[in-house]
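See below for the structure under consideration.
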2 protein chains.
Amino acid sequence: MNVEPIDVTQSARERFERMHHEIRNRICLLDYAPGTRLSEEALAAEFGTSRTPLRRVLVRLEGEGLVQSVHGVGTFVTDVEIEELAQTYRLRLELAELTGKLDPVAPDAALWEHFRDLADRSHALVADPDPRRFAQLNVDFFLALLCLTANEPLREVCERLYFQTTRIWLKSVFASTIDLIDEVDVFCREVDDILRALRIGDLHAAALIQRAHISMSFERMRKGPDKS
Amino acid sequence: MNVEPIDVTQSARERFERMHHEIRNRICLLDYAPGTRLSEEALAAEFGTSRTPLRRVLVRLEGEGLVQSVHGVGTFVTDVEIEELAQTYRLRLELAELTGKLDPVAPDAALWEHFRDLADRSHALVADPDPRRFAQLNVDFFLALLCLTANEPLREVCERLYFQTTRIWLKSVFASTIDLIDEVDVFCREVDDILRALRIGDLHAAALIQRAHISMSFERMRKGPDKS
DNA sequence: GAGCGCTTCGTTGTGCACATCATTGCCTGA
DNA sequence: TCAGGCAATGATGTGCACAACGAAGCGCTC
């Protein structure tokens with residue numbers, strides 16, 4: 001069963017969401033590195049539409065600060081300088097802690113299952129590191145953690161800032177393969193620690209652990225990878 | 001001098017910003033109350049363009065949660081139920097305090113001048129209350145306070161949440177004219193208190209005062225205006 | 001008379017042709 | 001040989017005509 005073609009739904013809204021999610025994911029996973037030019041025509045062709053609906057997606061992404069369009073030149077994936085990145089990280093620290101204080105909700109059965117799967121994937125990644133799978137796992141774990149607060153505006157803000165910063169951090173990680181091993185190891189420990197806190201039911205502790213890891217990952221990035 | 005027509009700048013980006021700012025302001029000042037349908041054609045004609053550039057603005061506003069487009073029906077100014085509004089307020093409380101802790105900057109001469117002007121306007125408003133001028137003053141004062149932090153991402157987030165919530169609060173205020181007097185009075189005191197804290201140079205205290213007032217204004221709104 | 005369906009109308013969504021803009025590289029003249 | 005301008009190129013921005021969609025009103029049928 002389930003033999004139907006993927007793109008059954010062709011309602012305007014669904015298609016918009018699909019394109020938006022897909023392109024955002026590519027930017028976040030560094031398929032489109034910062035500075036990359038996105039061709040409206042090529043993307044439109046890929047998604048089987050004209051430029052008009054695609055441009056709508058790009059306008060949204062521009063509002064989210066992920067791309068920037070320049071008349072007559074092109075649409076580029078944004079990059080950020082270290083100073084603004086530092087500001088965003090400082091804000092993310094506080095917001096991460098807030099997820100444990102504002103409308104926290106314990107995981108339900110489905111979310112537990114998801115967390116177990118994420119833990120398995122992280123352990124598998126330690127045995128066999130891979131940049132892209134690491135990036136995807138990082139995104140998935142973050143989104144899972146976001147389910148721990150019922151505060152919808154907070155979730156939106158955290159998600160927005162996450163997508164703005166993580167790709168920059170990933171860029172640093174990917175720059176030197178040697179660090180990837182360390183980062184995967186640290187990440188695996190973060191997952192285990194947070195799950196341990198969740199099992200006790202201490203959501204605030206889980207949030208504090210996440211906050212600590214965000215802080216440390218930024219410090220590691222700021223100090224820079226070994227240029228050996 | 002300065003006899004030139006207003007709309008000299010016609011670069012695409014400038015025009016987009018102008019339209020975006022103008023429509024957002026109208027939504028925030030309740031010129032377009034929640035539920036109002038925005039006519040793409042009428043707005044496009046007003047701004048002297050076709051629907052295409054205007055739609056770009058609407059897409060941005062939809063991303064900010066201020067409007068929602070429905071295919072074949074119309075584009076409507078969003079409303080929010082009390083539960084989500086409460087969540088947003090809880091978040092705004094924390095963020096307001098953060099503006100006093102993350103990258104605080106003391107006002108420069110120009111900002112002091114602006115604050116003095118705002119104080120004068122608020123006092124004038126007590127003597128002669130007016131809903132629309134109150135709304136505009138509220139917006140202006142909020143934006144001025146935002147200048148007290150150099151953390152750009154924090155400013156963006158605060159601004160975004162402010163525009164989402166304040167119009168709902170204003171709607172409650174405008175519903176009964178009797179409360180307008182009280183609200184103006186409270187607001188005037190808030191301005192004075194915050195300016196007092198700023199004169200001492202205690203930015204954190206100023207942020208805490210703002211936080212307290214956000215909290216109290218939500219409580220007043222939640223309890224509801226007198227339906228007499 | 002009531003209920004169901006069709007038709008009409010208005011609105012947003014899409015596709016395409018063209019305008020506008022910035023870059024690039026060549027060509028010309030000193 | 002070098003410098004400056006200018007035209008060609010390719011990108012995003014705009015305008016318009018049409019498609020898709022949803023709601024409301026009208027009429028037909030039971």
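Protein chains get the first letters and strands the later ones, always in sequence-line order, with residue 1 at the start of each.
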| task | Indicate the atoms forming the closest heavy-atom contact of B:Pro34 with B:Thr78, along with that distance. | result | CB-O, 3.5 Å
| B:Arg15 and B:Thr49: side-chain donor and acceptor closer than 3.5 Å? | no
| said: Ignoring hydrogens, what is the shortest heavy-atom contact between A:Ala150 and B:Gln87? Give both atom names and the distance. | reply: O-NE2, 2.9 Å
| task | Summarise protein proximity over nucleotides 10-17 of chain D in one line of letters, 5' to 3': B for base, S for sugar-phosphate only, - for none, counting protein heavy atoms closer than 4.0 Å. | result | BBBBBBB-
| query | So what is the end-to-end bend of the helix from C:dG1-D:dC30 to C:dA30-D:dT1, with 5 pairs used at each end and the value given to 10 degrees? | reply | 10°
| message | I'd like to know if B:Lys171 pairs up with B:Asp79 as an ion pair, taking the criterion as any Lys NZ or Arg NE/NH1/NH2 lying under 4.0 Å from an Asp or Glu carboxylate oxygen. | response | yes
| request: For the pair A:Glu94 and A:Arg90, find out whether any cationic side-chain nitrogen is under 4.0 Å from an anionic carboxylate oxygen. | output: no
| Shortest non-hydrogen contact from A:Gln136 to A:Leu29? | OE1-CD2, 3.1 Å
| task | Inspect the contact between A:Glu64 and A:Arg24 and indicate whether a charged nitrogen and a carboxylate oxygen are less than 4.0 angstrom apart. | result | no
| Distance, rounded to the nearest Å, where A:His20 contributes NE2 and C:dG13 contributes C1' | 18 Å
| request: Quick one: do A:Arg18 and A:Glu14 satisfy salt bridge (Lys or Arg N to Asp or Glu O under 4.0 Å)? Show the steps, please. | output: CA-CA 6 Å; A:Arg18 207 169 44 234; A:Glu14 293 283 342; 5.7 Å; no
| said: Does A:Glu152 have more than 12 heavy atoms from other residues, nucleotides or ligands lying within 6.0 Å of its CD? | reply: yes
Distances under 3.5 Å only, N/O to N/O: pair up the protein atoms with those of nucleotides 5-8 of chain D.
none

| query | Looking at A:Leu85 and A:Val80, what are the two nearest heavy atoms and their distance? | reply | CD1-CG2, 3.7 Å
